[in-house]
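Okay, handing you the structure first.
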Amino acid sequence: MAVVVVESPAKAKTINKYLGSDYTVLASYGHVRDLPPKDGSVDTEHDFAMKWEVASDSKKHIRAITDALKTDNELILATDPDREGEAISWHLKEALASSIKKGVTVSRVTFNAITKEAVTQAMKAPREVDAALVDAYLARRALDYLVGFTLSPVLWRKLPGAKSAGRVQSVCLRLIVEREMEIEAFRAKEFWTVGALLSTPRGQEFEARLTVLGGKKLDKFDIPTAEAAELAVHAVTSRSLSVQSVEAKPAARNPSAPFMTSTLQQEASRKFGMGAKQCMNAAQRLYEAGYITYMRTDGIDMAPEAVMAARDEIKRRFGANYVPDSPRMYKNKAKNAQEAHECIRPTDMSAAPDSLRLTEADQRKLYELIWKRTIASQMAAARLERTTVDVGSSDGQVVLRATGQVVLFDGFLKIYEEGRDEEGDDEGRLPQIMQGEAAEKKSVTPEQHFTQPPPRYTEATLVKRMEELGIGRPSTYASILTTIVDREYVRKDKNRLFPEDKGRLVTAFLTNYFRKYVEYDFTADLEGELDDVSAGERNYKDVLARFWRDFSAAVAETADLRIGEVLTRIDEFLAPHLYPLRADGSDPRVCQVCGTGRLHLKTARSGGAFIGCGNYPECRYTRPISVGGEESGISPDGKVLGNDENGLPISLRSGRFGPYVQRGEASEAEPKPPRSSLPKGWAPDSIDLERALMLLNLPRQVGPHPEDGAMIEAALGRYGPYVKHNSTYANLADAEEVFTIGMNRAMEVLAQKATRGRGAAAPATPIKELGEHPDGGLVQVMPGRYGPYVKWGKVNATLPKELAPEAVTLDEALALVAEKAGKSGKKKAPAKKAAAKPAAKKPATKAADGTAAKKTAAKKPAAKAGEAAAKKPAAKKPAAKKPAAKKTASEPDAA
């Protein structure tokens, strides 16, 4: 028997089913060896020797393979068909070399799909491990290690709070930061267009746009103002119009090529909002189940038998006229033929999405996308007719143009159309229009426009841009994007990527002191050299030697840098972003609080960055480095909402750790005025004076406890909303409940907290069930310590004494509920089943006033969220005291 080793147990299970009892199929669970995360793992003094160690979790998997080989004489390495898969096979061969007995043959097989035919055919064609692909892996792993373990410590020492830098992740981060700076520097320019609704003599209407005015063809900014637009409208309305030309041209649209890794990630992002990691996880499961071919590929060619199967399926489903005369061939764009595999396609073209009955939504959507794209790629072109109509005056002073298209034959559009990153107006169908006939004006309207800034990157457009620049490779896109988000250099909001302050600082530092290594061309050229290594055209140690010679010299030049000097350089570099021009023309660097201090870039121990006054501690003015106006609706100097009953201004501000409200201004007498962070889910633009005062007046007294008379309070803590009785804290699911919770509900949640871990108390039996609320959820009359009450979701409304609980009607109950819910200023929804679970599982480790929260508090379990506000942090040393960057400096970002 032979021992076959693959990466995952899911893959092993599927392959074992195909190979039968003559084979033992085991899983390595990914890489079994890696470089230890410490200095010296790549020895630059001794020809870049690399010191590997077997991971502790992998030792048992190595032992299982060794035990199996005691009775079997053949080892078949069947890991994935790419550079990483080749590296895993090499590591396995090296790790097992000293423990397997003599006479055991070791071979390598690859298959592009986990089907019975592909696997059994691969077993008939064993080969040796590809040394060139292994060398390419070693070069990338060494480069990523050297950059991580050399550059990251420089960041830690010179830029407090920075976590890590990476060979490819830092270049990707630069793309996002530079796009954001373009957006911030953008100044909108006004322009106008003139459109008209016209009618044919037969009464059919169509729309046209003014393209010629005064006998001159209009450019985009030729109508710059409303006055100019009115003159243009007058020029059109004062003239009779007729059709000058009608031009109809046939056109064809060909289908897109089948998917490779980058295009699959882009389309999954456009159509489903899937992140790159989410997309690849779903694709991995589809591959391991045998439904699609290998999903990490830069190839777009398709196996001949797959092409013919697709054509047969098209003919069966749609008819012979949807099958082109000859198969469509797509040219592979990959430079390195050894790493270019077949496209991502279904293993069985006849397996339509509805026939597989996939249970996971991501897998269902992704498989349907892959199946449709693959089938469409072999379908006939769509045939269109594009029509252009020019309507003008007899004197040639004005011309309006109408365009439209008609689909004569839908072709591949019958099943699939590729998504677009920026949607434009689709051309509509035009009515029958004859040259020379009159065009009656129904209306002529000017429309104001403003130029738009470049859009922020989505994961789809960022992957596309990286691919265009030659940065990264198919297997790296998802890990790179995940890394920069996990490092908190970038945040993802509504599928758009925004650079965080930390990300801006890291990019500014690297651009100033290591510019060559974040240049797009340099990174792309290095990727090209690594491709040459995998093609056997270049020695990988030569590549490492050239890179290390220059890189180590650049690092040495930063040895004497002081933090103050670094901050000054970054301050100057980011000045246009940090200190935007003020509307009144005053110096943007002068502190607007004290009027004399100069604003400077400062960093906090937590790694956050902020702008602070040079007169500190006399002046404690701070603001975030991000301009923030567009996203939060808060100017850098705050937004005054009104005054409280004592005449103190109540303002909404944006701090280093998010938006907050403040009472009064910082002064020498009160350097830290009362502040309160906005609860999770409260948008800054929803905050008015009333809601701000609600926050600033917390904690709110609910009432005395019936047993000991101690006051029960409701408040917002570091870990979310809660109620408190003496030293007992009980979480609330919704921040809004802090302002509305009554005694019955408070006693209920405190009782649940008291019984947690000892068996929950049995729920009270309703006195009467009244029916469904119009907004959903059951309305009940319940018994309570303070008398009967009406319950709907989380709203508890006490019954008036004169109203007997048994006699309450649904209408009376709804009125009580509405009155109770209305006190919060926001309608309450019925409670969901998961409401008892604390809403804020992740601790908020930063305070509204910009001070860093203690790390020990941040590490407390979420289950004790309510208690953190009163109890001191545990004396026990936190488990994760080691800086995150040190842990991750050696992680590959371009493996």
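From a predicted model like this one, the values you see are computed outputs, not experimental measurements.
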(request) Kindly give the heavy-atom pair with the smallest separation between Glu527 and Arg167, and that separation in Å. (result)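 Looks like OE2-NH1, 3.7 Å.
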(request) Search all heavy atoms of Ala68 against all heavy atoms of Asp72 and return the closest pair with its distance. (result)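 Looks like O-OD2, 3.2 Å.
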(request) Have a look at Ser107 and tell me which of Val129, Ile76, Leu77 forms a side chain to side chain contact (heavy atoms under 4.5 Å, CB included) with it. (result)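 When Val129, Ile76, Leu77 are each tested with Ser107, the side chain to side chain contact (heavy atoms under 4.5 Å, CB included) holds only for Ile76.
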(request) Give the C-alpha distance, both sets of side-chain angles, the deciding distance and a yes or no for side chain to side chain contact (heavy atoms under 4.5 Å, CB included) between Asp362 and Met274. (result) CA-CA 9 Å; Asp362 284 356; Met274 279 189 191; 3.7 Å; yes
(message) Between Tyr330 (side chain only) and Ser377 (backbone N and O only), is there a donor and an acceptor less than 3.5 Å apart?
(response)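 Judged by distance alone, yes, a pair lies under 3.5 Å.
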(message) Given the ring of Trp90, does Arg33 sit roughly above its face, with NZ or CZ under 6.0 Å from the centre of the six-membered ring and within 45° of the axis?
(response)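 Because its charged atom sits under 6.0 Å from the ring centre and within 45° of the axis, Arg33 does stack over Trp90.
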(message) Taking the six-membered ring for Trp, are Tyr517 and Phe547 closer than 6.0 Å centroid to centroid?
(response)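 Centroid distance Tyr517-Phe547: below 6.0 Å, so yes.
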(message) With a 4.0 Å cut-off on N to O distance, would you call Glu84 and Arg296 a salt bridge?
(response)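 No, this pair does not count.
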(message) I'd like to know if Asp144 pairs up with Arg141 as an ion pair, taking the criterion as any Lys NZ or Arg NE/NH1/NH2 lying under 4.0 Å from an Asp or Glu carboxylate oxygen.
(response)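 Between Arg141 and Asp144 there is no salt bridge, as every charged N stays at least 4.0 Å from the carboxylate O atoms.
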(message) Filter on side chain to side chain donor-acceptor pair (under 3.5 Å), then keep only pairs touching residues 50-64, sequence neighbours left out; what's left?
(response)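 Matches after skipping sequence neighbours: none remain.
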(message) Nearest 0.5 angstrom please: Leu544 CG to Leu138 CG, how far?
(response)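 So the CG of Leu544 and the CG of Leu138 are separated by 9.0 Å.
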(request) Ignoring hydrogens and angles, tell me if any N or O in the side chain of Thr347 forms a donor-acceptor pair with the backbone of Gly290 under 3.5 Å. (result)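 Yes: the side chain of Thr347 pairs with the backbone of Gly290.
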(message) Taking the side chain as everything from C-beta on, heavy atoms only, tell me whether Arg108 gets closer than 4.5 Å to Lys93.
(response)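 No, their side chains stay 4.5 Å or more apart.
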(request) With rounding to the nearest 0.5 Å, note down the distance linking CE in Met260 to CG in Asp301. (result)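 Spacing of CE (Met260) from CG (Asp301) equals 11.5 Å.
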(request) Step by step, work out the salt bridge (Lys or Arg N to Asp or Glu O under 4.0 Å) result for Lys372 and Glu368. (result) CA-CA 6 Å; Lys372 285 184 175 180; Glu368 183 176 15; 3.1 Å; yes
(request) First locate atom CD1 of Ile471, then atom CG of Leu526, and finally report the distance between them rounded to the nearest 0.5 Å. (result)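 Reported value, rounded in 0.5 Å steps: 11.5 Å.
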(message) Distance check, rounded to the nearest 0.5 Å: Ile484 atom CD1 versus Ile176 atom CD1?
(response)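 Here the rounded value is 3.5 Å.
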(request) Find out whether Val134 and Asp130 are in side-chain contact, i.e. whether some heavy atom of one side chain is under 4.5 Å from a heavy atom of the other. (result)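 Sidechains of Asp130 and Val134: no contact.
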(request) Determine, for Glu519 against Arg515, whether the closest basic-nitrogen to carboxylate-oxygen distance falls under 4.0 angstrom. (result)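 Salt bridge between Glu519 and Arg515, a charged N being under 4.0 Å from a carboxylate O: yes.
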(request) Give a yes-or-no answer on whether the side chains of Glu418 and Ser256 include a donor-acceptor pair shorter than 3.5 Å. (result)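 Indeed, the side chains of Glu418 and Ser256 share at least one donor-acceptor pair under 3.5 Å.
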(request) Please work out which of the three classes, parallel, tilted or perpendicular, describes the rings of Tyr513 and Phe509, given edges at 30° and 60°. (result)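 Geometry flag for Tyr513 against Phe509: tilted rings.
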(message) Going by side-chain hydrogen bond (donor to acceptor under 3.5 Å, both in side chains), Ser262 matches just one of Lys464, Glu467, Glu267. Which one?
(response)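 Only one option passes, and that is Glu467.
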(message) One pair to check against side chain to side chain donor-acceptor pair (under 3.5 Å): Arg83 and Tyr137. What are the steps and the verdict?
(response) CA-CA 6 Å; Arg83 186 184 64 249; Tyr137 159 79; over 6 Å; no
(message) Is it the case that the side chain of Thr261 and the backbone of Met295 share a donor-acceptor pair, with hydrogens and angles ignored and the cut-off at 3.5 Å?
(response)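 A pair under 3.5 Å: yes.
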(message) Checking the side chain of Arg487 only, and the main-chain atoms of Gly503 only, is there a donor and an acceptor separated by less than 3.5 Å?
(response)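 Looks like no, no N/O pair under 3.5 Å.
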(request) Indicate the atoms forming the closest heavy-atom contact of Ala282 with Leu366, along with that distance. (result)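 Looking at all heavy atoms of both residues, the shortest contact is CB-CD2, 3.9 Å.
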(message) Does this structure show an ion pair linking Arg140 with Asp531, if we count only N-O contacts that are shorter than 4.0 Å?
(response)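 So Arg140 pairs with Asp531 through a salt bridge.
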(request) Flag the pair Leu497 / Thr461 as yes when at least one side-chain heavy-atom distance between them is below 4.5 Å, and no otherwise. (result)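 No. Closest side-chain heavy atoms not under 4.5 Å.
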In a table with atom names and distances, give each donor-acceptor pair under 3.5 Å that connects a side chain of residues 550-558 to protein atoms at least two apart or in another chain.
from	atom 1	to	atom 2	distance (Å)
Asp550	OD2	Lys516	NZ	3.2
Ser552	OG	Trp548	O	2.6
Ser552	OG	Arg549	O	3.3
Thr558	OG1	Val555	O	2.7

(request) Determine the minimum heavy-atom distance between Ala10 and Glu288, stating which atoms define it. (result)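 So the two residues come closest at CB-OE1, 3.3 Å.
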(request) Among residues two or more places apart or on two chains, list those pairs meeting ring-ring contact (aromatic ring centres under 6.0 Å, His included) that have a residue in residues 259-291. (result)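 Applying ring-ring contact (aromatic ring centres under 6.0 Å, His included) to every pair that reaches into residues 259-291, excluding sequence neighbours, yields Tyr287-Tyr294.
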